[in-house]
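Everything on this sheet refers to the single structure shown next.
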Amino acid sequence: MSEFNNENENRESVNFIQKIINEDLAKGTYGDRVQTRFPPEPNGYLHVGHAKSICLNYGLAKKNKGIFNLRFDDTNPTKEDDSFVESIIKDVKWLCPEWEERIFYASNYFGKMYDYAVELIKKELAFIDDLSADEIREYRGTLTEPGKESPYRNRSVEENLNLFVKMKNGEFENGEKVLRAKIDMASPNINMRDPVIYRILRESHHNTGDEWCIYPMYDYAHPIEDAIEGITHSVCTLEFEDHRPFYDWVLSNIDDFKDAPTKQIEFAKLFLSKTMMGKRYLKQMVEEGYVDGWDDPRMPTIAGLRRRGYTPEAIQNFCEAIGVSKAQSVVDIAMLEFAIRDDLGPKAPRTMAVLEPIKLIITNYPEDEVEYLESENNPDNPDMGSRMIPFTRELYIEREDFMEIPPKKYFRLFPGNEVRLRNAYFVKCVDFIKDAEGNVVEVHCTYDPETKSGSGFTGRKVKGTLHWVSAKHCVDAEVRLYDYMMEDQDYDKTNFLEKLNPKSKVILKNCKVEPLMKEHKIGDRFQFLRHGYFMIDQDTREEHLVFNRIVSLKSSFKK
RNA sequence: UAUCGUGUAGUCGAAUGGUACAGACAACAGACUUUGACUCUGUGUGUUGCGAGUUCAAAUCUUGCCACGAUAACCA
């Protein structure tokens with residue numbers, strides 16, 4: 001008995017999709033196979049909402065010793081482009097470094113899809129319709145009223161077959177004819193009112209070129225794609241719920257797929273607070289120049305998050321943390337920020353960088369002396385070692401770390417107060433100098449040699465510790481601070497562009513960083529003490545380091 | 001207005017019909033601190049949207065209502 005005591009400890013909550021899989025595994029619905037897929041249309045960049053789907057599907061496959069396919073749902077050549085194919089592959093590989101790179105294209109199944117359409121025609125389950133798009137819409141009825149049948153609905157199998165071949169051979173104009181499934185024009189589910197399954201589109205396809213002039217519709221193509229690849233659990237978002245009956249209809253009416261080899265399961269897509277997620281609107285922000293492209297660090301795209309400095313692990317952890325359900329919900333952006341802080345905490349070296357410098361002069365420190373002081377790279381992770389930092393008479397400290405008249409509970413530098421310079425000495429403010437406009441330009445201090453870092457001095461304590469760099473040795477840098485582009489995701493989409501935060505990107509050009517930072521590479525991440533986590537950006541020049549702020553630290557000091 | 005789906009703490013989310021909330025984020029408080037971060041420790045009484053029914057027992061099953069979402073492309 002007692003040996004089972006540990007069973008309930010460490011219990012992991014299992015999401016509702018995994019429960020379905022468990023049931024299928026137990027019943028042997030698909031044998032012992034689990035196969036999932038992520039099926040984007042290559043018509044834009046992936047965003048963090050897609051990351052949720054990728055992590056979900058990939059994770060499900062992995063957890064169940066199954067297979068995960070990336071499949072391009074490229075059935076509409078008018079919207080698709082090879083550049084999007086490339087960006088999507090890059091993003092998925094980046095997010096899932098251990099993935100076997102199983103990449104598929106719906107367009108490679110066009111031949112089979114055509115044959116299955118012929119099969120449906122022969123079974124009198126599909127017909128060629130001559131109605132125009134407008135007429136089809138009219139005949140379809142409305143949400144509350146049933147539709148009526150097309151006058152072409154009862155053509156003979158012979159005639160339908162004939163016309164379908166002609167459609168394929170390019171004997172008709174775009175829009176002149178379509179192939180429709182023959183189901184029920186009175187169905188309360190509009191997707192079942194004789195949905196169009198093939199249309200004529202004279203457009204060059206990114207993969208098949210000009211081989212086809214007819215293209216299958218998503219609703220018809222998708223179940224076939226899944227079935228061909230052997231997908232067992234076709235996981236998609238909630239808006240396809242109404243399409244499931246047709247998904248099942250297609251499979252059950254094609255002989256090859258009669259035994260229902262796959263099923264569709266829907267989950268709620270991700271919404272993030274303060275974040276615009278609609279592809280259409282992201283596109284607008286890119287095209288109208290509100291951001292600097294799809295990988296602008298303010299964008300919620302995977303490319304943007306990568307450029308900002310997010311790690312794949314952080315995004316994976318985030319996707320794990322938010323869970324999966326069918327309840328439409330808005331996740332707090334703070335969860336995403338936690339994920340990257342949490343991931344970088346033990347990984348990112350701590351360095352000293354002064355974003356808005358003000359000079360600090362130690363009046364009792366020798367003019368030309370340079371002292372090298374040891375600093376741990378990451379106090380939480382001793383394995384990361386330490387480095388030597390030059391200390392001199394003239395330093396830069398943060399402008400906000402000195403106040404002429406301090407507010408209550410301010411324990412940084414002000415006249416008469418003593419603080420620690422990190423890794424160095426206690427210094428006491430004895431004077432300060434203002435320019436003609438009254439801005440403080442220099443702070444004068446004295447230091448106490450007894451208080452050297454690591455000396456074990458315990459004579460007195462200070463409440464504040466400041467970061468600093470040696471004025472003579474430091475390196476100039478540009479730092480870019482990013483903020484949310486919107487206050488809330490719940491805004492009026494018609495004029496959201498006018499409400500975008502104009503200060504979502506702030507560039508600080510006069511920053512000073514530790515000299516050793518020069519030796520680091522693009523993509524390296526750091527914690528600049530008290531400022532948060534940063535990454536060296538891709539357009540860094542030799543003379544001039546450029547940093548993106550990935551995420552700030554939580555600060556409880558209110559001015 | 002039709003159909004389908006969804007309503008559990010500030011936010012995500014757990015909970016074989018059996019003591020309502022495991023876990024995470026956020027917030028607040030305290031401890032610690034060579035940065036006020038990190039770390040650690042605390043802090044949640046709420047008619048599980050509302051009402052009825054079934055049951056010894058309902059967040060869970062049934063049903064009515066309410067709210068929200070999706071759907072009337074030859075888009076996906």
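Every chain is numbered from 1 and lettered A, B, ... according to where its sequence line falls, protein lines coming before strand lines.
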Checking all strands, does Lys177(A) fall into the base, sugar-phosphate, or nothing category for heavy-atom contacts under 4.0 angstrom?
-> nothing
Using a cut-off of 4.0 Å on non-hydrogen atoms, how would the nucleic acid contact of Ile136(A) be classed: base, sugar-phosphate, or nothing?
-> base
Base orientation of A73(B), syn vs anti, 90° cut from 0 = syn
How would you label the contact of Tyr198(A) with the nucleic acid (heavy atoms, under 4.0 Å): base, sugar-phosphate, or nothing?
-> nothing
May I ask you to say what Arg193(A) touches in the nucleic acid, namely base, sugar-phosphate or nothing, with a heavy-atom cut-off under 4.0 Å?
-> nothing
Base, sugar-phosphate alone, or nothing: which one does Val324(A) contact when heavy atoms must sit under 4.0 Å apart?
-> sugar-phosphate
Looking only at heavy atoms, which two atoms of Ile88(A) and Pro42(A) are closest? And how far apart?
-> CD1-CA, 3.9 Å
Say whether, by atom type as modelled, one donor and one acceptor occur between the side chain of Arg549(A) and the main chain of Phe534(A) under 3.5 angstrom.
-> no
When we call it a touch if two heavy atoms are under 4.0 Å apart, what does Ile397(A) touch: a base, just sugar-phosphate, or nothing?
-> nothing
List the atom of Asn377(A), the atom of Met384(A), and the distance in Å for their closest heavy-atom pair.
-> ND2-O, 2.8 Å
Enter the distance from Asp219(A):CG to Met192(A):CE here, rounded to the nearest 0.5 Å.
-> 10.0 Å
Under 4.0 Å between any heavy atoms, over every strand shown, what does Phe338(A) touch: base, sugar-phosphate, or nothing? Just pick one.
-> sugar-phosphate
With side chains defined as the heavy atoms from C-beta onward, is the minimum distance between Glu41(A) and Asn76(A) less than 4.5 Å?
-> yes
Quick one: label His222(A) by what it contacts on the DNA or RNA (base, sugar-phosphate, nothing), any heavy atom closer than 4.0 Å.
-> nothing
Give one of base, sugar-phosphate or nothing for Lys279(A), where a contact means two heavy atoms less than 4.0 Å apart.
-> nothing
Contact class for Thr75(A) (heavy atom, under 4.0 Å): base, sugar-phosphate, or nothing?
-> sugar-phosphate
B/S/- contact track for nucleotides 2-12 of chain B, protein heavy atom under 4.0 Å | BS-SS----BB
Sugar-phosphate only, base, or nothing, as touched by Ala334(A) at under 4.0 Å among non-hydrogen atoms | sugar-phosphate
